[in-house]
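Have a look at the structure below before the remarks.
Predicted model, so just to flag it, every value in this text is computed and none were measured. Any value given below was found using the heavy atoms of this structure, including those in side chains, with hydrogens, waters and symmetry copies removed. This chain uses plain numbering: 1 for the first residue, then up along the sequence.
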Amino acid sequence: MAESGLGCIGAGRMARGVLEGAMLTGKIQAKDVTVSAPSDKNVKIFRDHGCHTTHSNADVLTACKVVILAVKPHIISTVLQEISSLVTCEHVFISLAAGVTLQTLESCLPAGSKVLRMSPNLPCVVQEGAVVVCRGRRAGDQEVAMVKSLFSGCGLCEEVPESYIDIHTGLSGSGVAYVYMFAEALADGAVKMGMPSELSNRIAAQTLLGAAKMLLKTGDHPAKLRSDVCTPGGTTICALHELEKGGLRATVMNAVETATEKARSIGKKTAQ
């Protein structure tokens with residue numbers, strides 16, 4: 001991997017998260033990473049890490065054989081058409097663009113190009129992300145294994161069918177924001193009852209962290225763990241009744257559905 005380098009077109013927060021995760025694994029060194037973006041503002045943090053930076057997307061393809069596409073969905077077709085003449089059979093492209101299908105990506109590149117889609121989420125920045133990847137027609141087991149190995153430092157990394165990618169956006173990509181809103185409400189409830197805000201926020205965050213770790217370590221269904229906390233006539237079952245009356249379950253399910261459909265609609269627009 002170090003011989004061919006890892007490139008990234010785009011230098012936003014998600015690019016930072018997945019690149020830092022990749023460098024954390026030790027599979028790639030900062031000196032072997034090349035990042036391009038139109039302005040110095042976004043590339044500065046990568047330069048500070050020791051990465052090569054440029055304003056030319058062509059430089060990324062010249063320096064690297066594995067290229068992350070971390071640009072906004074509405075401009076990805078333009079970017080791919082710009083670099084298309086520089087693409088070789090050795091290049092592997094990993095797109096982070098929400099909603100943009102493998103078919104659309106492959107249609108903007110030379111025939112036979114190796115393309116994968118990857119959907120990360122923001123906690124990749126702290127190496128606790130949830131990442132899913134799917135392969136295009138020319139990407140094989142070797143490319144999938146390379147991506148999973150490279151980004152294992154980001155957190156959970158799973159291969160899925162492409163039909164799951166937009167669902168992952170609704171569940172996990174956007175889902176972290178639902179969790180932040182819940183954490184905020186949880187802490188605000190404690191503030192209302194008299195606990196200082198700073199302490200409330202720390203306890204709320206630790207509560208979510210502990211609950212998540214129990215889900216992963218036990219493998220139990222969330223409903224079982226929820227039931228384990230409840231005692232007849234106790235505080236928890238009374239509180240859960242209030243959440244049910246407020247429609248929490250249905251509202252969250254609707255949020256996942258809405259975000260998924262939005263991601264799908266982005267894909268349809270970019271394909272036109």
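- Residue pairs meeting the salt bridge (charged side-chain N to carboxylate O under 4.0 Å, His left out) criterion with at least one partner in residues 180-198, sequence neighbours excluded, are Glu198-Arg202.
- Rounding to the nearest 0.5 Å places CG of Leu248 at 12.0 Å from CD of Glu242.
- Screening residues 86-101 for salt bridge (charged side-chain N to carboxylate O under 4.0 Å, His left out) gives Lys65-Glu90 as the qualifying pairs, with residues at least two apart or on separate chains.
- Side-chain contact between Pro222 and Leu215 is present, with at least one heavy-atom pair separated by less than 4.5 Å.
- Applying the side chain to side chain donor-acceptor pair (under 3.5 Å) criterion to His91, with sequence neighbours excluded, gives Thr88.
- Atoms OH and CE, on Tyr178 and Met181 in that order, are 10.5 Å from each other to the nearest 0.5 Å.
- Counting heavy-atom neighbours within 6.0 Å of Gln103 CD, excluding the residue itself, gives a total of 12 or less.
- The main-chain N or O of Gly140 is found under 3.5 Å from a side-chain atom of Glu143 such that the two form a donor-acceptor pair.
- Residues forming a salt bridge (charged side-chain N to carboxylate O under 4.0 Å, His left out) with Glu159 (at least two apart in sequence, or on another chain): Arg135.
- Residue pairs that meet the salt bridge (charged side-chain N to carboxylate O under 4.0 Å, His left out) test with at least one member in residues 169-181, sequence neighbours left out, do not exist here.
- Residues forming a salt bridge (charged side-chain N to carboxylate O under 4.0 Å, His left out) with Arg16 (at least two apart in sequence, or on another chain): Glu20.
- Criterion: ILVMFWY side-chain heavy atoms under 4.5 Å apart, direct or through other members. Under it, Val131 and Val147 are part of a common hydrophobic cluster.
- Within the 4.5 Å cutoff, no side-chain heavy atoms of Cys8 are placed close to those of Val60.
- Residue Phe46 comes nearest to Ala15 through the heavy atom pair CZ-C, 4.1 Å, listed as atom of the first residue, atom of the second, then distance.
- Scanning all heavy atoms of the two residues, the minimum distance from Ala98 to Ile266 falls at O-CG2, 3.4 Å.
- Note on Val132: it does not cluster hydrophobically with Leu171, by side-chain heavy-atom contacts below 4.5 Å among ILVMFWY residues.
- To the nearest 0.5 Å, atoms NZ (Lys114) and CG (Leu109) are separated by 13.5 Å.
- In this structure, the side chain of His55 does not engage the main chain of Ser36 through any donor-acceptor pair within 3.5 Å.
- The distance from the CE atom of Met23 to the CG atom of Leu150 is 10.5 Å, given to the nearest 0.5 Å.
- Of all the heavy atoms in Ala190 and Ser200, the pair that sits closest is CB-OG, 3.5 Å.
- Residue Ile76 is tested with Thr104, Leu105, Leu96, Ile9 for a side chain to side chain contact (heavy atoms under 4.5 Å, CB included); the sole match is Leu105.
- The CD atom of Glu257 lies 11.0 Å from the CD1 atom of Ile167; values are rounded to the nearest 0.5 Å.
- Residues Glu162 and Thr101 approach most closely at OE2-CA, 3.3 Å, considering heavy atoms.
- When the side chain to side chain donor-acceptor pair (under 3.5 Å) test is applied to Ser113, no partner is found at least two apart in sequence or on another chain.
- Leu116 is listed as a side-chain neighbour of Val144, based on a closest heavy-atom distance under 4.5 Å.
- Residues Val191 and Ser197 share a closest heavy-atom pair of CG2-CA, 3.6 Å.
- Linking ILVMFWY residues whenever their side-chain heavy atoms come closer than 4.5 Å, directly or via other members, places Val18 and Val33 in the same cluster.
- Partners of Pro161 by side-chain contact (heavy atoms from CB on, under 4.5 Å), not counting sequence neighbours, listed by chain and number: Ser163, Tyr164.
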Audit row: Val87, Leu61, side chain to side chain contact (heavy atoms under 4.5 Å, CB included) steps and yes/no: CA-CA 7 Å; Val87 176; Leu61 266 74; 3.8 Å; yes

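- Listed by first then second residue, pairs satisfying side chain to side chain donor-acceptor pair (under 3.5 Å) with a partner in residues 203-223 number zero, not counting sequence neighbours.
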Side chain to side chain contact (heavy atoms under 4.5 Å, CB included) assessment of Asp166 paired with Lys262: CA-CA 9 Å; Asp166 291 336; Lys262 180 63 176 178; over 6 Å; no

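- Taking CD1 from Ile28 and OG from Ser149, the interatomic distance works out to 11.0 Å, rounded to the nearest 0.5 Å.
- The minimum heavy-atom distance linking Ala37 with Asn42 is given by the pair CB-CB, 4.4 Å.
- Linking Ile, Leu, Val, Met, Phe, Trp and Tyr whenever their side-chain heavy atoms come within less than 4.5 Å puts Val133 and Ile94 in one cluster.
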Verdict with reasoning, Leu69 to Leu80, per side chain to side chain contact (heavy atoms under 4.5 Å, CB included): CA-CA 9 Å; Leu69 303 169; Leu80 292 178; 3.6 Å; yes

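- With hydrogens and angles ignored, the 3.5 Å screen pairs a side-chain donor or acceptor of Thr260 with a backbone N or O of Val256.
- The hydrophobic cluster around Ile203 extends to Met195, Leu199, counting ILVMFWY residues whose side-chain heavy atoms fall within less than 4.5 Å of a member.
- By the criterion of side-chain heavy atoms lying less than 4.5 angstrom apart, applied directly or through intervening Ile, Leu, Val, Met, Phe, Trp or Tyr residues, Met118 is not grouped with Val160; the two fall into different hydrophobic clusters.
- Residue Arg137 places its CZ atom among 12 or fewer non-hydrogen atoms of other residues, nucleotides or ligands, all under 6.0 Å distant.
- Counting heavy atoms from C-beta outward, Leu19 and Leu6 have side chains that approach closer than 4.5 Å.
- Remark: Ser172 engages Asn121, Ala130, His168 in a side-chain contact (heavy atoms from CB on, under 4.5 Å) (not counting sequence neighbours).
- For Glu244, the side chain to side chain donor-acceptor pair (under 3.5 Å) partners two or more places apart in sequence, or in a different chain, are Arg249.
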